[in-house]
Amino acid sequence: MEKKDNYINQKLFDISIEDFDALDGVHEFSDKYKNNKKQLLKEYRKGICKHPVKKYKKAAAAAAVLLIVSAPVITNAATGGEFFNRIWGSEGKAGYSEPYSEYLYDNEKDTSCKITYPKSEYEDIAPEKAEKLIGDNISYNPVDVKIGDTKLSVMSFVHDGNAAVAEFTLEKKGGVDALNYNKSYNRSKGADFSGNSDFYFGFDEYDGKIFVDIDKSSKDKLYCYYYMTSWDSDNKDNVTLNIEKYPCTRDELYAADDIKYKEYMEKSEKKVISVPVKSKADKKVFNNKKNGTAEVSPISIKVDMKKGLGLSKEEAYDPYNAYYVSINYKNGKKYIVHEHEMDGIHQCKTEIDNANYVCGDTDDNITFVFNRLVDTDNIQSVTVNETEYTLK
């Protein structure tokens with residue numbers, strides 16, 4: 001699997017002394033310098049504004065949106081298992097299984113790179129089994145929010161403290177333009193908020209990747225599944241939805257000069273909404289011989305990279321060093337959550353990514369959000385790289 005670091009276009013810094021105006025009298029910067037500075041500012045703001053609403057958790061909110069709490073929806077039992085198998089199974093995943101490569105071009109950075117997507121394996125589950133594993137932990141109390149011309153509906157939510165999965169829809173007559181999405185986005189970084197959007201939303205306790213169910217969606221209504229990990233180790237049972245509505249598009253916000261940017265932000269409307277959730281899914285803790293832990297629930301596994309894997313402090317901080325993660329069942333079957341090659345350490349015929357989202361944290365843990373539901377009662381052991389984890 002090819003790795004590519006995030007970066008700010010280095011060409012923006014390549015300014016020679018000849019590109020500055022002569023220093024006789026009052027110095028004035030060249031147009032090239034000013035344009036590059038503006039582009040740098042735009043890229044910087046896009047980075048820090050990816051999740052700008054978190055800082056408003058405790059702030060007084062303006063009347064930005066109309067909140068409607070609906071009656072409970074029909075549960076999965078009436079849909080023949082579609083709910084579970086769209087979120088954790090093969091429904092809507094046609095064309096995502098086999099590995100393939102493509103070249104992605106970034107217009108803004110004027111560069112391209114080859115991306116190789118690993119193999120993904122999906123496994124359906126009977127609705128009765130799914131209900132037994134996770135049904136009691138899923139909240140089916142929709143929260144409907146009107147944001148300008150767009151309606152956001154958070155349909156269901158389940159979490160275990162380390163990870164969460166939410167189902168939501170976006171509706172807008174004439175076409176939903178809030179997200180950039182396609183199959184490549186679904187396989188890699190997930191959908192992101194478009195430059196045409198004039199709002200952003202996110203959960204205060206969790207953050208992750210949005211998968212748009214393209215097969216089920218239409219131009220005017222998107223069906224989305226949000227696979228997330230927690231950035232707050234002390235998160236409670238309540239979940240907070242933050243929404244920020246801008247007086248302009250996101251593109252206009254990022255491109256504004258300092259004065260205009262401040263004006264836009266002052267006119268932005270904020271809303272903080274408590275989303276109904278049920279209790280967290282139970283987790284089982286598996287240990288290796290060095291007392292390193294792997295916490296497993298039906299929806300995720302969180303691995304402590306610091307103990308028992310033979311990694312240095314710097315290596316433990318890099319999620320890439322978890323090159324093989326497997327759930328080993330009592331009947332001898334394996335659920336390979338993730339596998340990639342490591343030069344001189346690990347080889348494999350086919351790289352596999354059976355996680356819907358992966359994220360490391362500042363405490364050197366890595367969390368994998370499963371692409372299927374896991375029966376924790378039938379786990380014999382967990383393998384991370386060459387290390388085995390068992391129940392005490």
Side-chain angles (χ1 to χ4, degrees), residues 51 53-54 56-79 81-84 86-88 127 130-147 150-171 178 199-211 213 216 221-245 269-283 297-300 356-357 369-370 373:
H51 310 295
V53 296
K54 293 187 183 301
Y56 295 107
K57 179 180 179 182
K58 297 181 180 179
V65 291
L66 174 64
L67 171 64
I68 309 165
V69 180
S70 305
V73 297
I74 300 174
T75 62
N76 179 75
T79 67
E82 183 190 51
F83 171 79
F84 291 112
R86 284 198 172 274
I87 295 179
W88 288 287
E131 289 283 0
K132 181 180 178 181
L133 292 179
I134 201 72
D136 290 341
N137 303 108
I138 300 177
S139 171
Y140 296 104
N141 297 304
V143 172
D144 296 340
V145 184
K146 192 72 173 176
I147 316 173
T150 302
K151 178 185 176 184
L152 164 67
S153 298
V154 181
M155 306 298 294
S156 61
F157 198 99
V158 59
H159 63 160
D160 64 9
N162 296 330
V165 181
E167 175 197 21
F168 70 89
T169 61
L170 289 170
E171 296 180 69
F199 66 88
Y200 171 83
F201 66 85
F203 293 100
D204 200 53
E205 297 82 7
Y206 293 90
D207 189 28
K209 168 183 170 181
I210 298 173
F211 181 98
D213 192 334
K216 189 175 182 180
K221 186 172 184 177
L222 300 184
Y223 288 84
C224 307
Y225 316 123
Y226 206 166
Y227 303 100
M228 301 170 280
T229 59
S230 175
W231 59 271
D232 179 4
S233 60
D234 296 323
N235 68 80
K236 305 298 189 296
D237 284 334
N238 62 300
V239 179
T240 306
L241 176 67
N242 289 276
I243 299 169
E244 193 162 83
K245 175 74 166 60
E269 300 170 331
K270 294 93 180 178
K271 188 70 176 182
V272 180
I273 299 170
S274 180
V275 176
V277 297
K278 290 190 176 180
S279 60
K280 298 174 185 177
D282 290 337
K283 299 185 291 291
S297 82
I299 66 172
S300 78
N356 280 322
Y357 182 62
V369 186
F370 298 144
L373 290 175

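The first residue of the sequence shown is numbered 1, and numbering continues consecutively from there. Scope of the values below: all heavy atoms of this structure, side chains included, with no hydrogens, waters or symmetry mates.
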| query | In chain order, what residues pass the side-chain contact (heavy atoms from CB on, under 4.5 Å) check against Lys283, with sequence neighbours excluded? | reply |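 Result, side-chain contact (heavy atoms from CB on, under 4.5 Å) vs Lys283: Asp160, Asn162, Glu295, Ser297.
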
_Please enumerate all residues that pass side-chain contact (heavy atoms from CB on, under 4.5 Å) together with Thr169, with sequence neighbours excluded._
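Only Ser153, Met155, Glu171, Lys221, Tyr223 meet the side-chain contact (heavy atoms from CB on, under 4.5 Å) criterion with Thr169.
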
- Message: Is there a ring-ring contact (aromatic ring centres under 6.0 Å, His included) between Phe201 and Phe168? Walk through the geometry before answering.
- Response: CA-CA 12 Å; Phe201 66 85; Phe168 70 89; 5.4 Å; yes

Once rounded to the nearest 0.5 Å, what's the spacing between atom [atom1] of [X] and atom [atom2] of [Y]?
{"X": "Lys280", "Y": "Ile299", "atom1": "NZ", "atom2": "CD1", "value": "11.0 Å"}
{"X": "Lys216", "Y": "Cys224", "atom1": "NZ", "atom2": "SG", "value": "11.0 Å"}
{"X": "Ile210", "Y": "Tyr357", "atom1": "CD1", "atom2": "OH", "value": "11.0 Å"}
{"X": "Asn242", "Y": "Asp204", "atom1": "CG", "atom2": "CG", "value": "5.0 Å"}

If I compare all heavy atoms of [X] with all of [Y], which pair ends up nearest, and what's the gap?
{"X": "Arg86", "Y": "Asp213", "result": "NH1-OD2, 2.7 Å"}
{"X": "Ile138", "Y": "Ser156", "result": "CG2-CB, 4.0 Å"}
{"X": "Val277", "Y": "His159", "result": "CG2-NE2, 4.0 Å"}
{"X": "Ser139", "Y": "Pro276", "result": "OG-O, 2.9 Å"}
{"X": "Phe157", "Y": "Ala166", "result": "CD1-CB, 3.6 Å"}
{"X": "Phe84", "Y": "Glu131", "result": "CE1-OE2, 3.8 Å"}

Notebook entry, point to check: Is any side-chain heavy atom of Lys151 closer than 4.5 Å to a side-chain heavy atom of Asp144?
Noted result: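 Answer yes - side chains close enough.
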
Between Leu152 and Leu241, is any pair of side-chain heavy atoms under 4.5 Å apart?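 Leu152 vs Leu241: side chains touch.
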
Sequence neighbours excluded, which residues qualify as ring-ring contact (aromatic ring centres under 6.0 Å, His included) partners of Tyr227?
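ring-ring contact (aromatic ring centres under 6.0 Å, His included) check on Tyr227 returns nothing, list empty.
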
Test of understanding: with ring-ring contact (aromatic ring centres under 6.0 Å, His included), list the residues that count as partners of Phe370, not counting sequence neighbours.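 With neighbours one apart ignored, the set is Tyr335.
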
Just do the side-chain contact (heavy atoms from CB on, under 4.5 Å) check on Phe199 and Thr150 with the steps written out, would you?
CA-CA 10 Å; Phe199 66 88; Thr150 302; 3.9 Å; yes

(Q) Between Glu205 and Thr240 (side chain of the first, backbone of the second, donor and acceptor by atom type, cut-off under 3.5 Å), is there such a pair? (A)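 Such a contact is found between Glu205 side chain and Thr240 backbone.
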
- Message: Can you confirm if the aromatic rings of Phe83 and Tyr140 lie within a centre distance of less than 6.0 Å?
- Response: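 Close enough - the centres of the two rings lie under 6.0 Å apart.
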
Notebook entry, point to check: Given Asn356 and Tyr226, is the side-chain contact (heavy atoms from CB on, under 4.5 Å) satisfied, shown in steps?
Noted result: CA-CA 9 Å; Asn356 280 322; Tyr226 206 166; over 6 Å; no

Query - Under the salt bridge (charged side-chain N to carboxylate O under 4.0 Å, His left out) test, residues paired with Lys132 that sit two or more places apart - result: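 Not a single residue meets the salt bridge (charged side-chain N to carboxylate O under 4.0 Å, His left out) criterion with Lys132.
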
